[in-house]
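Written out below as structure tokens is the structure these notes cover.
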Amino acid sequence: MIDYHIHTKRCGHASGEMYEYVERALELGFEEMGFSDHFPFIDRVRPELAMSLSELPDYFYDVEQLRKQYPQITIRLGTEVDYFPHLEKEIGGLLAQHPFDYVIVGVHFIGDWNFDNPNEKNEWQQRDVNEVYEQYIQLLQQAANSRLFNIIAHCDLVKIFGYRPTRDFHEQWDALVQCFAQNDLVVEISTAGLYKPVGEIYPSEEIIGVLKKYDVPIVISSDAHQPQNVGRNFDQAINLAIRHGIKSIAQFEKRKIIQQLPIRHHY
Ligand SMILES: [Zn+2]
Ligand SMILES: [Zn+2]
């Protein structure tokens, strides 16, 4: 099995040493993993959310060292970028300069509002939930159309606190997934949602059905911020994928899918 969504304490809100994440993956019998720590924010300093640009070389160096130290597991170098439409050019420029195996994109901000942050949860009371869903979906669509990224993180993160739209969003999700397909994106099935107030895997079963409909490749991710959370609840995500007829997970190297690995052989 593979887990590509793993953080490090460089982001300011994860804990443990990087080697401990590797050892947890080994303990689980995973043959591959990847670090995807939060990419620096370009126009603001948020030490509690992401590493700074000056820390990137050390991050790369640490991954390089771990590869030497643990030849028995493939360790990929990835990152998770926060999508801001006005920074596309800068993000693209920086990503192109670095040797990532894959780049995950997440939408955590609508304008300046960090909508999934428990400290900013009150803002939900001030907003029209339908509108928030629309804005969120539109941002993801823009992120997909930018073609700067490989993997879409937790694509219905907007449900995190359990606020649900009163309108039917079936068509919007369908169009969004179609947009992912057109832009050759991979979507993660993330178990992290099980531990958030919503208590559900990202994305919903409805969206997983749409992923299958458009043949969008998937990966299964923990979004681990602590070593013991690597590969957490993967059996549940795997069963969900299989139930929807999804048979493989994508394997990345140098920003390309190098193969699709059969899901059944990997748990
Ligand atoms: Zn994080
Ligand atoms: Zn993450």
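Atoms within a ligand are numbered from 1 in the order they appear, just like the ligands themselves.
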What's within reach of the Zn ion (ligand 2), meaning protein N/O/S atoms under 2.8 Å?
His5 NE2, His7 NE2, Glu80 OE1, Asp223 OD1
Applying ring pair (Phe, Tyr, Trp, His ring centres under 6.0 Å), which residue pairs with at least one partner in residues 131-155 are found, sequence neighbours left out?
His108-His154, Phe115-Tyr136, Tyr133-Phe169, His154-Tyr202
Please check if any side-chain donor atom of Asn114 sits under 3.5 Å from a side-chain acceptor atom of Asp116, or the reverse.
yes
Taking only residues two or more places apart in sequence or in another chain, which ones pass ring pair (Phe, Tyr, Trp, His ring centres under 6.0 Å) with Phe39?
none
Pairs of donor and acceptor atoms involving the side chains of residues 214-221, under 3.5 Å and at least two apart or interchain, shall be tabulated with distances.
| from | atom 1 | to | atom 2 | distance (Å) |
| --- | --- | --- | --- | --- |
| Tyr214 | OH | Asp174 | OD1 | 2.5 |
| Ser221 | OG | Glu188 | OE1 | 2.9 |

May I ask you to check if Arg44 and Phe109 form a cation-pi contact, with NZ or CZ under 6.0 angstrom from the six-membered ring centre and within 45° of the axis?
yes
Indicate the ring-plane relationship of Phe161 and Trp124, choosing parallel, tilted or perpendicular according to the 30° and 60° boundaries.
perpendicular
